[in-house]
Amino acid sequence: MPDTRESAPVPGGAPSHFIRQIIAADVAAGKHGGRVVTRFPPEPNGYLHIGHAKSICLNFGVAAEFGGVTHLRFDDTDPSKESLEYVEAIQRDVRWLGFDWKDKLFFASDYFERLYGYAEQLIRAGKAYVDHLSAEEIREYRGTLTRPGRNSPYRDRPAAENLDLFRRMRAGEFRDGECVLRAKIDMASPNLVMRDPTLYRIRRTPHYRTGTDWCIYPMYDFAHCLSDMIEGITHSLCTLEFENNRELYDWVLAALDTPHRPRQIEFARLNLSRTVLSKRRLIELVEGGHVSGWDDPRMPTLSGLRRRGYTPEAIRDFCERIGVARADNRVDIALLEHCLREDLNRRAPRAMAVLRPLKVTIVNYPADRVEELPARNHPEDPAAGSRTVPFSRELWIERDDFREDPPPKFYRLAPGREVRLRYAYLIRCVEVVREAATGAVSELRCTYDPESRGGEAPDGRKVKATLHWVSAPHALEAEVRLYDHLFLKENPAEVEEGKSFTEALNPGSLEVLRGCRLEPALGAAAPGDRYQFERLGYFCADLKDHRPGTPVFNRTATLRDTWAKIEARGGAPPQR
RNA sequence: UGGGGCGUCGUCAAGCGGUAAGACACAGGAUUUUGGUUCCUGCAUUCGGAGGUUCGAAUCCUCCCGCCCCAGCCA
């Protein structure tokens with residue numbers, strides 16, 4: 001007999017997690033004829049974020065592993081908050097993430113008529129009733145965590161009366177809130193969800209898909225399980241907060257004696273350090289003007305991550321690595337960034353850009369001379385090819401790469417020191433020019449070694465540092481946006497009484513630099529193109545604001561910076 | 001002091017009665033025309049705690065402690 005517990009590796013060698021194990025066991029046992037059908041069921045009332053990505057990867061991933069399919073179903077049962085804009089944005093994001101629902105696109109609103117039929121069936125079976133208690137009264141009657149609730153005075157109406165009332169609800173004979181349809185379960189249940197939950201409410205709000213066809217709408221607990229059943233979902237994966245609802249999910253399907261019984265399985269939602277993932281807080285960031293919108297590159301939304309320069313591959317890898325379990329968690333955002341760098345390091349072409357320019361004049365280089373020096377587009381990938389970068393007498397280097405009074409372990413440029421300009425020459429700083437008024441360093445005068453073309457001196461002498469640079473007369477000017485974590489706190493959601501989570505916002509999460517200098521090859525960048533600016537980080541041309549003549553780049557991630565770490569450790573204070 | 005869950009390294013997370021995987025982070029070192037990459041090395045005598053069962057327990061039992069979820073006509 002086969003071991004149906006299936007603790008052994010699963011097809012594809014993916015790491016084991018409890019949902020994979022359950023599904024593998026079900027498949028092995030021939031449940032549902034060995035079929036696997038999952039679904040991703042967003043409500044179209046907001047944008048998808050990295051937490052949804054976990055669910056999307058889980059649902060599409062696990063179904064694919066077992067040769068199954070995944071439905072994209074919009075859980076659009078509350079017309080007051082939903083819209084087509086969100087439906088479109090969600091589809092765009094799921095597709096971008098790399099998943100394909102084929103022709104399996106569904107809407108709970110398409111099931112309204114069938115759902116209504118099931119509700120009547122429930123009424124006929126004496127398992128649901130129309131209640132005229134007000135919302136406040138229902139709350140009072142529900143009891144508390146420790147005290148049982150009381151039956152509504154309308155609870156024992158005959159089925160025929162309930163049926164008539166429910167039909168009149170549909171016909172629009174009652175005002176919003178005047179009555180609801182409730183399941184008749186147990187007002188004393190220790191599980192509050194089971195204390196005669198509301199199944200239908202009256203809402204005279206036009207629905208973005210069904211218009212004014214309906215004035216009654218099913219609640220999540222009624223619509224979701226039945227939608228799963230209708231679609232033949234085998235494994236209905238959701239987050240832990242729906243655990244209490246599982247009893248009701250099963251109750252509805254059993255009460256209706258449905259032919260197909262999906263199984264709800266809950267897993268822990270993702271929490272990420274230094275950001276927020278709740279819809280409520282994300283909305284507050286957008287509406288409070290703390291970010292520029294849902295796609296602000298600092299947002300953990302998929303549209304924000306996309307604009308920031310994240311790749312779908314990196315996000316999928318991240319979702320695979322964090323695992324799936326039932327324990328509350330807060331994943332270190334450094335893991336997401338690691339996945340990103342790993343992917344980008346492999347595929348981003350290299351280029352040179354100077355963010356905070358400092359002028360360098362090569363005093364012994366002819367003023368009218370320009371050389372085109374070959375540079376590799378990727379140090380480890382010859383297939384990425386090469387390009388040419390112009391070199392001339394006047395250059396820009398990074399201000400951070402020069403120190404008048406270099407601290408220990410700083411081995412970049414300083415008075416009298418020699419360094420290498422990447423792909424170009426060895427240069428030595430012979431003079432520091434200052435602004436008369438402020439005394440600030442305004443220019444460096446250097447000599448170059450004509451024998452070191454390409455960066456290697458014939459005498460074999462070594463140099464400790466290699467700097468990136470851009471030829472001044474050939475440079476493109478650009479705006480570069482430096483992004484950092486949105487929040488300073490590990491868990492921004494944890495706030496003191498009376499304070500807002502927005503107080504933990506990182507004031508330095510965005511720094512806009514203008515007058516940055518790019519090497520000419522970057523002029524070919526199209527919106528969304530990603531590069532590694534050597535020694536700085538990964539950058540992408542902004543999807544919205546980048547124009548060929550006026551380039552705008554977003555910093556996707558910095559490179560790991562060992563020197564910054566040494567410096568921060570207190571060795572030498574930064575001098576700027 | 002109702003019910004439902006969850007506690008394994010700083011953070012995730014395997015582990016399914018046979019003697020604590022892996023990843024990130026962190027710390028060293030090697031290579032390097034990116035202080036990047038890559039490569040080595042180190043990093044839980046112990047699994048929330050206490051008892052018990054067993055030749056043997058993170059895994060089974062008992063009690064205790066801590067954290068999360070539920071009182072929408074939201075999902």
Side-chain angles (χ1 to χ4, degrees), chain A residues 5 7 15-17 21 41-43 45 75 77-78 80-81 131 133-135 138-140 142-149 176-182 188-195 197-203 216-217 219-221 223-224 238-247 266 268 270 273 279 321-339 341-342 345-346 350 352 375-376 378-380 409-412 420-424 426 454-456 463-468 490 532-537 558-567:
Chain A
R5 269 230 336 281
S7 57
S16 134
H17 67 236
Q21 289 180 14
E43 182 187 14
N45 71 343
D75 223 335
T77 57
D78 182 359
S80 62
K81 300 187 293 188
D131 195 352
L133 251 28
S134 68
I138 285 182
R139 193 186 335 118
E140 284 163 28
R142 186 152 31 225
T144 69
L145 293 179
T146 52
R147 254 193 304 278
D176 282 20
E178 196 173 338
C179 52
V180 294
L181 182 73
R182 289 230 256 169
S189 171
N191 180 357
L192 301 219
V193 170
M194 299 299 277
R195 317 243 262 229
T198 300
L199 267 21
Y200 269 87
R201 74 288 216 190
I202 302 170
R203 251 208 213 340
I216 58 171
Y217 293 93
M219 297 285 290
Y220 165 85
D221 285 306
H224 202 89
C238 64
T239 46
L240 246 25
E241 64 271 24
F242 288 98
E243 203 163 357
N244 295 319
N245 300 61
R246 188 176 64 228
E247 192 178 354
E266 312 85 18
L270 168 69
S273 68
K279 205 169 272 183
R321 291 202 203 199
I322 56 176
V324 178
R326 289 175 65 89
D328 289 336
N329 61 80
R330 171 164 357 273
V331 176
D332 192 338
I333 196 164
L335 178 59
L336 212 212
E337 293 164 348
H338 168 82
C339 294
R341 290 192 183 105
E342 190 173 83
N345 174 54
R346 200 162 28 218
R350 315 285 128 128
M352 292 197 285
R376 286 190 299 277
H378 193 113
E380 282 98 36
K409 299 210 174 140
F410 179 91
Y411 47 77
R412 274 110 94 147
R420 170 167 37 237
L421 292 182
R422 175 139 236 220
Y423 298 126
L426 263 31
E456 210 82 68
V463 102
K464 295 269 275 191
T466 299
L467 311 187
H468 61 276
E490 278 288 304
Q532 183 197 100
F533 289 176
E534 294 211 46
R535 303 208 309 132
L536 296 174
T558 60
L559 252 25
R560 281 186 59 218
D561 190 345
T562 309
W563 163 243
K565 219 177 268 183
I566 293 168
E567 201 176 29

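Chain letters run A, B, ... following the sequence lines, proteins first and then strands; every chain starts at 1. All values derive from a computational prediction rather than experimental measurement.
An OP1 or OP2 oxygen of B:rC74 is reached within less than 4.0 angstrom by a side-chain nitrogen or oxygen of A:Arg201. For B:rU37, the OP1/OP2 oxygens have no side-chain nitrogen or oxygen of A:Arg346 closer than 4.0 Å. Phosphate contact (OP1/OP2 of B:rG2, side-chain N/O of A:Arg147, threshold under 4.0 Å): absent. Taking only side-chain nitrogens and oxygens, A:Ser16 comes nearer than 4.0 Å to OP1 or OP2 of B:rG15. At least one side-chain nitrogen or oxygen of A:Lys565 sits closer than 4.0 Å to the OP1 or OP2 atom of B:rC26. A sub-4.0 Å separation between OP1 or OP2 of B:rG72 and a side-chain N or O of A:Arg142 is present. Between A:Thr77 and the phosphate of B:rA75, there is a side-chain N or O to OP1/OP2 separation shorter than 4.0 Å. Remark: A:Arg326 is not in phosphate contact with B:rA13, judged by side-chain N or O atoms under 4.0 Å from OP1 or OP2. Dashed line: the shortest gap from a side-chain N or O of A:Arg195 to OP1 or OP2 of B:rC70 is not under 4.0 Å. The shortest distance between the side-chain N/O atoms of A:His468 and the OP1/OP2 oxygens of B:rU34 is not below 4.0 Å.
Both A:Arg246 and A:Asp328 lie close to RNA chain B; mapped to their nearest nucleotides by heavy-atom distance, the more 5′-ward contact belongs to A:Arg246. Summary of the strand contacts: A:Leu335 and A:Arg535 both lie near RNA chain B, and taking for each the nucleotide with the nearest heavy atom, the more 5' one is attributed to A:Leu335.
Ring planes of A:Phe410 and A:Trp563: perpendicular class, angle over 60° (limits at 30 and 60°).
Nucleotides B:rC61 and B:rU53 are separated by 7 Å at their C1' atoms, to the nearest Å. Using atom P as the reference point in both B:rU1 and B:rC63, the two lie 15 Å apart (nearest Å).
Of the listed nucleotides (B:rC12, B:rU34, B:rU37), B:rC12 has the atom at the smallest distance from the side chain of A:Ile322. When the nucleotides B:rA13, B:rA27, B:rU34 are ranked by their closest atom to the side chain of A:Glu534, B:rU34 comes out on top. Looking at the side chain of A:Ile566, the nearest of the listed nucleotides B:rG35, B:rG2, B:rA75 is B:rG35. Nearest nucleotide to the A:Thr562 side chain, out of B:rG35, B:rU34, B:rG4: B:rG35. Residue A:Glu380 places its side chain closer to B:rG36 than to any other of B:rA71, B:rA75, B:rG36. Here B:rU11 is the nucleotide among B:rA71, B:rU11, B:rG35 with the atom lying nearest to any side-chain atom of A:Asp332. When the nucleotides B:rG15, B:rG4, B:rC74 are ranked by their closest atom to the side chain of A:Asn244, B:rG4 comes out on top. In the set B:rA71, B:rG36, B:rA14, the nucleotide with an atom closest to the side chain of A:Leu192 is B:rA71. Here B:rC16 is the nucleotide among B:rC70, B:rC73, B:rC16 with the atom lying nearest to any side-chain atom of A:Gln21. With distances taken from any side-chain atom of A:Arg412 to the nucleotides B:rU37, B:rC74, B:rG35, the minimum falls on B:rG35.
B:rG51 and B:rC61 make up a base pair, with Watson-Crick or G-U wobble contacts both under 3.5 Å. The base-pairing partner of B:rC26, taking Watson-Crick or G-U wobble contacts with both distances under 3.5 Å, is B:rG42. Pairing for B:rC67 is with B:rG5, a Watson-Crick or G-U wobble pair whose two hydrogen-bonding atom distances lie under 3.5 Å. Pairing partner, B:rA14: none, since no Watson-Crick or wobble contact has both distances short of 3.5 Å.
Among the protein residues, A:Thr144 comes within range of the nucleic acid bases, having at least one heavy atom under 4.0 Å from a base atom. No contact: A:Phe533 has no heavy atom under 4.0 Å from any strand. Contact annotation for A:Tyr423: base contact, defined as any heavy-atom pair under 4.0 Å involving a base atom.
Taking syn as a glycosidic angle within 90° of 0, B:rG72 qualifies as syn.
When each of A:His468, A:His378, A:Arg422 is tested with A:Arg350 by the rule side-chain contact (heavy atoms from CB on, under 4.5 Å), just one qualifies, namely A:His378.
Atoms CG and CG, on A:Leu536 and A:Leu559 in that order, are 7.5 Å from each other to the nearest 0.5 Å. We find the CD-OG1 distance between A:Glu534 and A:Thr466 to be 9.5 Å, quoted to the nearest 0.5 Å.
Looking at heavy atoms from C-beta onward, A:Arg326 lies in side-chain contact with A:Glu266 at the 4.5 angstrom threshold. Between A:Asn244 and A:Leu192 the shortest side-chain heavy-atom distance does not fall below 4.5 Å.
Atom C1' of nucleotide B:rC73 and atom CZ of A:Arg139 are separated by 11 Å, given to the nearest angstrom. For the pair A:Asn245 CG and B:rC70 P, the interatomic distance rounds to 10 Å; values are reported in whole Å.
Stacking between A:Trp563 and B:rG35 is present: the aromatic ring centre lies within less than 5.5 angstrom of the base six-membered ring centre, and the two planes differ by under 30 degrees.
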